[in-house]
Amino acid sequence: MSLRPVPAPSVPEATARVARAAFRKGCLAMRIRDELGPLFEDEQFARAFPRRGGPAWSPGQLAMVSVLQFAEGLTDRQAADAVRGRIDVKYALGLELDDPGFDFSVLSEFRDRLIAHGLEKLVLNRVLERVDELGLLRAGGRQRTDSTHVLAQVRTLNRMEFVGETLRAALETLAVAAPAWLRQTVAPEWFERYGKRIDSFRFPKGADARQRWALTVGEDGFTLLQALYAPDTPAWLRHVEAVQVLRTAWVQQYHRDEKGVRWREGKDLPPGRLRLSSPYDIDTRYSVKRGAGWDGYKVHFTETCEPDAPHLITNVVTTDATVPDVEITAPVHDALAARRLLPAVHLVDSGYTSAALLVAAAGQNIELMGPVRGDTAAQGRAGGGLGQDAFTVDWPARTVTCPRGQRSISWSAQRKPTGTEIIRVHFAKTDCDACPVRAACTSAKSKWGRSLTLLTQPQQQALDQRRREQKTDEWQAAYGTRAGVEGTISQAVRVTRTRTTPYRGLRKTHLGHALIAAGLNLHRLDAWWTGTPIRTTHISRFARLGLELIA
């Protein structure tokens, strides 16, 4: 299909007349068209379409349909039906009343084109640009970020299910790609062993029997891989995606040497961030947070939170489930800088903060407002212990003075295995042994007395300052604004399919989240224009009764 860009159509007179008669007070889709005009132009999507071929449905209109679709949590089929049958959608798109619309498969093809040509951010960026033109969005001020889990569109598998299903997936693919070759390669018992989906209830009973079954699967997998990489096997079979997944999975899960095939165990397994968890979605990962595990992704929403403007989502980041929040803070700032929407204050929870990030954010004129962890040393955790804050650091002199007036005798710049620069400080053993408060300060039995680990001066000072200020009532009151981002997560879950992606793969899932953000922004703009107040946190009747009793 080829693209022949045309200007966005105005709303036909008959469509406008019927729509205004049906919605006398207006509705979301109509208000968006009236206030923002045609949001998307065909030219913006030109590189995603060839210049030759049959005419394509307008990508500008498809983008608008996609935003409205995710704003209401519709499936592709429901969205296509809405274009054919809903007058408010025809109004938003500028369609005639008798326009037949398109087949629902066009929407998935449109999303594939956006991903293939790196246009995942275009739709959200265009919404933000248009809102900025109206003066409803500006840099500076406050923004806040939070994340939630996203379940993958695949089953969660234990290790034995995973290896069995991975081998079965490769066999299924080869049965289509090279049936004659496969028929000559596999053993007859494989048809019984891998002919059906691998489920734990089909496994043999007993730990030893299951262990033998897993090793048998491992041997079968290596046999298949050896046949695939044989000189007389067509080379193209090795590049089939399911075969590559099988090869990676077997490297991660099994050993094979002169002693035979055996499971990898413990530290011999690759870290969870690298380990495949499904043969059908190679981007998904398994993670655990607060005792709850899930197979999938995480999505991070950043939104404005000024009282005199609509609260709009300005950035979306999607990662696999194992990526910690602290790795997302800097990419969020970089993305906001690219959009020229850097905040003056960025409100986050403790998962997004570190001493290094406090310093880096300050370098971008951002106050990263989130709590940091307290002193993790045993003395800092103890109620009566002498924590690190009881010591005075003289940075120019490279010495530290303890609460009893003793000065350190060693100052050594070092680096952690992770690359973090640190400073190790030691006090003399003789000074500490004679100290009357030694029991509250150190239990060291080495050649040193009390030891301290400091960060570099800018990071340590930023960390110490935050630890002091986060204990004050003023800081806590200002930080209270962060809690409002929980409402964004709640709205995204209630209105859309945020916590369960309908797609496989990180890029498709991220595109869905970007469209969700654009759709939620339309809801928030509509609420702003109609004067609808932001909902407060729901409190059950029983909980409210308890609060009344306390009062």
Looking at W57, F40, F45, which hits ring-ring contact (aromatic ring centres under 6.0 Å, His included) with F110? F45
Do T148 and R499 pair up side chain to side chain, a donor and an acceptor below 3.5 Å, judged on atom types alone? yes
For a 4.5 angstrom cut-off between non-hydrogen side-chain atoms, does R339 reach L137? no
Output the distance between atom CZ (R373) and atom OG (S350), rounded to the nearest 0.5 Å. 9.0 Å
Salt bridge flag under 4.0 Å for residues R84 and D81: yes
List the steps and the verdict of side-chain hydrogen bond (donor to acceptor under 3.5 Å, both in side chains) for Q470 and Y479. CA-CA 9 Å; Q470 70 188 29; Y479 181 65; over 6 Å; no
Measuring only between side-chain heavy atoms, which start at C-beta, is H513 closer than 4.5 Å to V150? yes
Does the ring centre of H300 sit less than 6.0 Å away from the ring centre of Y352? yes
Output yes when E474 and R468 qualify as a salt bridge under the 4.0 Å nitrogen-oxygen rule, no when they do not. no
Note: R111-D76 ion pair, threshold 4.0 Å (strictly below): yes
Side chains of T420 and R415: closer than 4.5 Å at any heavy-atom pair? no
Checking side-chain contact (heavy atoms from CB on, under 4.5 Å) for the pair E72/Q78: CA distance, chi angles, key distance, verdict? CA-CA 10 Å; E72 300 184 17; Q78 290 170 332; over 6 Å; no
Verify the distance criterion only: is there a donor paired with an acceptor across the side chains of R544 and S540 at less than 3.5 Å? no
Report the relative orientation of the aromatic rings in H149 and W294; use parallel for angles under 30°, tilted for 30 to 60°, perpendicular for over 60°. tilted
Backbone of G505 reached by a side-chain donor or acceptor of D281 within 3.5 Å: yes
Can you see which heavy atom on R466 is nearest to which on L368, and at what distance? NH1-O, 2.8 Å
Backbone N/O of K121 and side chain of N125: donor-acceptor pair under 3.5 Å: yes
Heavy atoms, side chains only, cut-off 4.5 Å: are D464 and Q460 in contact? yes
Under 3.5 Å, is there a donor-acceptor pair between the R86 and Y91 side chains? no
Carboxylate-amine/guanidinium contact R273 E327, below 4.0 Å: yes
Basic-acidic side-chain contact under 4.0 Å: D308, R138: yes
Check whether any side-chain N or O of T496 sits under 3.5 Å from a backbone N or O of V493 as a donor-acceptor pair, and report yes or no. no
Would E303 and R524 pass as an ion pair if we require N to O under 4.0 Å? yes
Between the CG atom in L136 and the OG1 atom in T304, the distance rounded to the nearest 0.5 Å is 10.0 Å
Do R24 and R20 pass the side-chain contact (heavy atoms from CB on, under 4.5 Å) test, and can you show the C-alpha distance, the side-chain angles, and the key distance before you say yes or no? CA-CA 5 Å; R24 295 185 179 278; R20 292 196 177 101; over 6 Å; no
Please round to the nearest 0.5 Å and tell me the distance separating atom CZ of R31 and atom CH2 of W529. 9.0 Å
Can you find a pair of side-chain heavy atoms, one from F162 and one from P279, that are under 4.5 Å apart? yes
Begin with the C-alpha distance, continue with both residues' side-chain angles, and end with the deciding distance and a verdict on side-chain hydrogen bond (donor to acceptor under 3.5 Å, both in side chains) for R497 and T501. CA-CA 7 Å; R497 298 168 287 179; T501 176; over 6 Å; no
Under a 4.5 Å cut-off applied to non-hydrogen side-chain atoms, are L525 and L36 in contact? yes
Kindly say whether V345 contributes a backbone atom to a donor-acceptor pair with the side chain of R144 at under 3.5 angstrom? no
Would you check if the side chain of K90 reaches a backbone N or O of V83 as a donor-acceptor pair within less than 3.5 Å? yes
Flag the pair L506 / D320 as yes when at least one side-chain heavy-atom distance between them is below 4.5 Å, and no otherwise. no
Starting from the C-alpha separation in whole Å, work towards a yes-or-no answer on side-chain contact (heavy atoms from CB on, under 4.5 Å) for L62 and F102. CA-CA 10 Å; L62 287 176; F102 52 83; 3.9 Å; yes
Looking at E241, I'd like to know if its CD atom is crowded, meaning that more than 12 non-hydrogen atoms belonging to other residues, nucleotides or ligands lie closer than 6.0 Å. no
For a salt bridge (Lys or Arg N to Asp or Glu O under 4.0 Å) check, start with the C-alpha distance between R130 and E35, then their side-chain angles and the critical distance, and finish with the verdict. CA-CA 10 Å; R130 187 70 186 97; E35 297 288 345; over 6 Å; no
Show the numbers, then the answer: is there a salt bridge (Lys or Arg N to Asp or Glu O under 4.0 Å) between E133 and R126? CA-CA 11 Å; E133 292 169 2; R126 178 53 189 153; 3.7 Å; yes
Donor-acceptor contact present, side-chain E306 to main-chain R142, <3.5 Å: yes
Give a yes or no answer on whether the side chain of T284 reaches the backbone of A152 with a donor-acceptor pair at less than 3.5 Å. no
For I115, is there any backbone N or O sitting under 3.5 Å from a side-chain donor or acceptor partner on R507? yes
Flag the pair L455 / I423 as yes when at least one side-chain heavy-atom distance between them is below 4.5 Å, and no otherwise. no
Basic-acidic side-chain contact under 4.0 Å: D112, K508: yes
Using a cut-off of 6.0 Å, state whether more than 12 heavy atoms not belonging to R247 lie near its atom CZ. no
For the pair Q252 (side chain) and L276 (backbone), establish whether a donor and an acceptor sit closer than 3.5 Å, ignoring hydrogens and angles. yes
Is the backbone N or O of T302 less than 3.5 Å from a side-chain atom of T145, with the two atoms forming a donor-acceptor pair by type? no
What heavy-atom pair brings L107 and Q69 nearest, and what distance separates the two atoms? CD1-OE1, 3.8 Å
To the closest 0.5 Å, what do you measure between CG (L341) and NE2 (H333)? 12.5 Å
With rounding to the nearest 0.5 Å, note down the distance linking CD in Q388 to CG in L454. 5.0 Å
Please report the interatomic distance CG(D146) to CD1(I489), rounded to the nearest 0.5 Å. 5.0 Å
Can D132 and R340 be said to form a salt bridge (Lys or Arg N to Asp or Glu O under 4.0 Å), step by step? CA-CA 10 Å; D132 182 46; R340 299 182 181 179; over 6 Å; no
V123 and V67: side-chain contact (heavy atoms from CB on, under 4.5 Å), yes or no, with the steps? CA-CA 8 Å; V123 174; V67 175; 3.3 Å; yes
